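Please read the structure below before turning to the comments.
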Amino acid sequence: MQLSRIAVAGASGLIGSALVRSLTADGHRVVRLVRHAPRSEDEVRWDPEAGRVDTAGLAGCDAVVNLAGAGVGDHRWTEEYKTRIRSGRVLGTKALAEAAASLDTPPRVFVNGSAIGFYGETGDRTVDEDAPPGQGFLPELCVEWEGAAAPAEAAGIRTAFVRTGLVVSRGGGAWAKLFPLFKAGLGGRMGDGRQYWSFVSLHDEVAAIRHLLDTDGLSGPFNATAPQPLTNREITAAMGRVLRRPTLFTVPAPVLNTVLGEMAGDVLGSQRVVPKRLLESGFTFAFPGIEEAIRAGA
């Protein structure tokens, strides 16, 4: 990509902050969408739940990346928190897509966050981007989330969706909660350990987003997951090997159900998701294996 002006929503999150560092290191100008009054010329104010965006601040942007939204794994899924998760993603995406579409010179590409939660429970079945959505809160959320970008697509903006898996990083997300447990020797499999976890290193997640920004013709959904999903049992063993700690503990399913509530279904559920479209587009993973991804994320 030639040097560009790129707007990023969710720039303070795990993936967003890593993306901003990567873009600025290569000389791109990043405009960050913020909820407070702008404190510098690289900030643009927005209120995703209210559907408000300072559209003038997006003028001249070549690309928009939307990674905003309350963390799915940050809190127990009360009805109130599920409403917060949905409103931030769906209403925020709609507002940003409408703002981009309204510009006299719209950005050439809109990359919107999504998640492999789109597919729901897949068991041992391998799924790619051609698979239909599953059932439950997360699949329904992802369908709404992606659908909210329709104004950008209707305006002729190339629109791509990053369906992200479990990001391997101690800096945030679900894996940030696993690293301290395993380093303390308290890690172990969850449930029977046979459920598939589709992971991706933070480095490859950022690289995938940049690939979608840079590559003309790429639109629609792309799974951001390493090529070979592994079971929770296999990942637990790999964590133990890399961190040189025992993995003797097991968290029984009833305990997870008690502690996590509805969210336990996604910890114990199996998602065997592969990045078919990313690979077909010529993308190369720097950390395709779990041990190298753990080392990169630790």
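Not measured: the values here are computed from a predicted model. Counting begins at 1 with the first residue of the sequence. Just so it is clear, the values below take in all heavy atoms, side chains as well, and ignore hydrogens, waters and symmetry mates.
- Between F161 atom CZ and W145 atom CH2 the span is 10.5 Å, to the nearest 0.5 Å.
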message: Quick one, V162 with V111, criterion side chain to side chain contact (heavy atoms under 4.5 Å, CB included). Give me CA distance, side-chain angles, the key distance, then yes/no.
response: CA-CA 7 Å; V162 188; V111 175; 3.6 Å; yes
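- Taking the side chain as every heavy atom from C-beta outward, L96 and L33 approach each other to under 4.5 Å.
- To the nearest 0.5 Å, atoms CG (L248) and OG1 (T236) are separated by 11.5 Å.
- When all heavy atoms of D130 and K276 are compared, the pair lying nearest together is OD2-NZ, 3.2 Å.
- Hydrophobic clustering (ILVMFWY, side-chain heavy atoms < 4.5 Å, transitive): V274 and V200 are in distinct clusters.
- Side chain of Q271 to main chain of I116: a donor-acceptor pair is present (N/O by atom type, distance under 3.5 Å, no hydrogens or angles).
- Residue pairs satisfying the side-chain hydrogen bond (donor to acceptor under 3.5 Å, both in side chains) criterion with at least one member in residues 160-171, sequence neighbours excluded, are listed as follows: Y119-R163, E146-R163, T164-E205.
- The same ILVMFWY cluster, assembled from side-chain heavy atoms under 4.5 Å apart, contains both M190 and F199.
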- prompt: Do F287 and H203 pass the side chain to side chain contact (heavy atoms under 4.5 Å, CB included) test, and can you show the C-alpha distance, the side-chain angles, and the key distance before you say yes or no?
  reply: CA-CA 8 Å; F287 303 102; H203 174 97; 3.6 Å; yes
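- Taking a cutoff of 4.0 Å between a charged side-chain nitrogen and a carboxylate oxygen, E49 and R35 qualify as a salt bridge.
- Contact check for D216 versus R108: side-chain heavy atoms found under the 4.5 Å cut-off.
- P139 has its side chain out of reach of F118: every pair of non-hydrogen atoms, C-beta onward, lies at least 4.5 Å apart.
- The backbone N or O of D204 lies less than 3.5 Å from a partner atom in the side chain of S201, making a donor-acceptor pair.
- Among the candidates L181, L178, I290, the single residue satisfying the side chain to side chain contact (heavy atoms under 4.5 Å, CB included) test with M239 is L178.
- Cation-pi geometry between R277 and F222 is met: the NZ or CZ atom falls under 6.0 Å from the ring centre, inside 45° of the normal.
- The closest donor-acceptor contact from the side chain of R189 to the backbone of R233 lies at 3.5 Å or more, if one exists at all.
- Taking CG of N66 as the start and OG1 of T159 as the end, the distance is 11.5 Å to the nearest 0.5 Å.
- Across V206, I209, V30, V65, a single residue satisfies side chain to side chain contact (heavy atoms under 4.5 Å, CB included) together with L23, and that is V30.
- A distance of 8.0 Å separates OG1 in T284 from CG in L279, rounded to the nearest 0.5 Å.
- Y196 and W175 fall into different hydrophobic clusters, where Ile, Leu, Val, Met, Phe, Trp and Tyr residues are linked whenever their side-chain heavy atoms come under 4.5 Å apart, directly or through other members.
- Under the rule for a ring pair (Phe, Tyr, Trp, His ring centres under 6.0 Å), the partners of F283 that lie at least two apart in sequence or sit in another chain are H211, F285.
- With rounding to the nearest 0.5 angstrom, the CD atom of E43 is 12.0 Å from the CG atom of D54.
- With hydrophobic clusters built from ILVMFWY side chains whose heavy atoms lie under 4.5 angstrom apart, L91 does not share a cluster with I85.
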- prompt: Are V168 and L202 close enough, and set up right, to give a side chain to side chain contact (heavy atoms under 4.5 Å, CB included), and what steps lead you there?
  reply: CA-CA 6 Å; V168 185; L202 179 59; over 6 Å; no
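- At distances below 3.5 Å, at least one donor-acceptor pair connects side-chain atoms of S270 with backbone N or O atoms of G123.
- Shortest non-hydrogen contact noted between F182 and G240 is CD2-N, 4.5 Å.
- A salt bridge links D26 and R210; the closest N-O separation between the charged side-chain nitrogens and carboxylate oxygens is under 4.0 Å.
- We find that E291 and R295 are joined by a salt bridge, their nearest charged nitrogen and carboxylate oxygen being less than 4.0 Å apart.
- Between the Q195 side chain and the G193 main chain, a donor and an acceptor come within less than 3.5 Å of each other.
- Closest heavy-atom contact between V64 and P107: CG2-CG, 3.9 Å.
- Using a 4.5 Å cut-off on side-chain heavy atoms (C-beta onward), R158 and L218 make contact.
- Taken together through direct or relayed side-chain contacts under 4.5 Å among Ile, Leu, Val, Met, Phe, Trp and Tyr, I15 and V20 form part of one hydrophobic cluster.
- Formation of a donor-acceptor pair under 3.5 Å by the T122 side chain with backbone atoms of R272 is found in this model.
- In this structure, E153 contributes its side chain and G147 its backbone to no donor-acceptor pair below 3.5 Å.
- Between the side chain of E292 and the main chain of G289, a donor-acceptor pair closer than 3.5 Å is present.
- Looking only at distances, no side-chain donor or acceptor of N223 sits under 3.5 Å from a matching main-chain atom of T225.
- Crowding of Q228 atom CD: a count of heavy atoms from other residues, nucleotides or ligands under 6.0 Å not exceeding 12.
- Taking every heavy atom of both residues into account, C142 and G117 meet most closely at SG-C, 4.0 Å.
- Between E98 and P151, the shortest heavy-atom distance links the atoms CG-CG, 3.7 Å.
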message: Working note: E144 + R86, criterion side chain to side chain contact (heavy atoms under 4.5 Å, CB included); need CA distance, chi angles, decisive distance, verdict.
response: CA-CA 8 Å; E144 285 188 76; R86 176 177 278 113; 2.9 Å; yes
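- Under the 3.5 Å distance criterion, with hydrogens and angles disregarded, a donor-acceptor pair is assigned to the side chains of S40 and D42.
- Listed here is the closest heavy atom pair of R29 and E41: NH2-O, 4.0 Å.
- No donor-acceptor distance shorter than 3.5 angstrom exists from the side chain of T93 to the backbone of V90, with no hydrogens or angles considered.
- Atom CG of N232 and atom CH2 of W197 lie 4.5 Å apart (nearest 0.5 Å).
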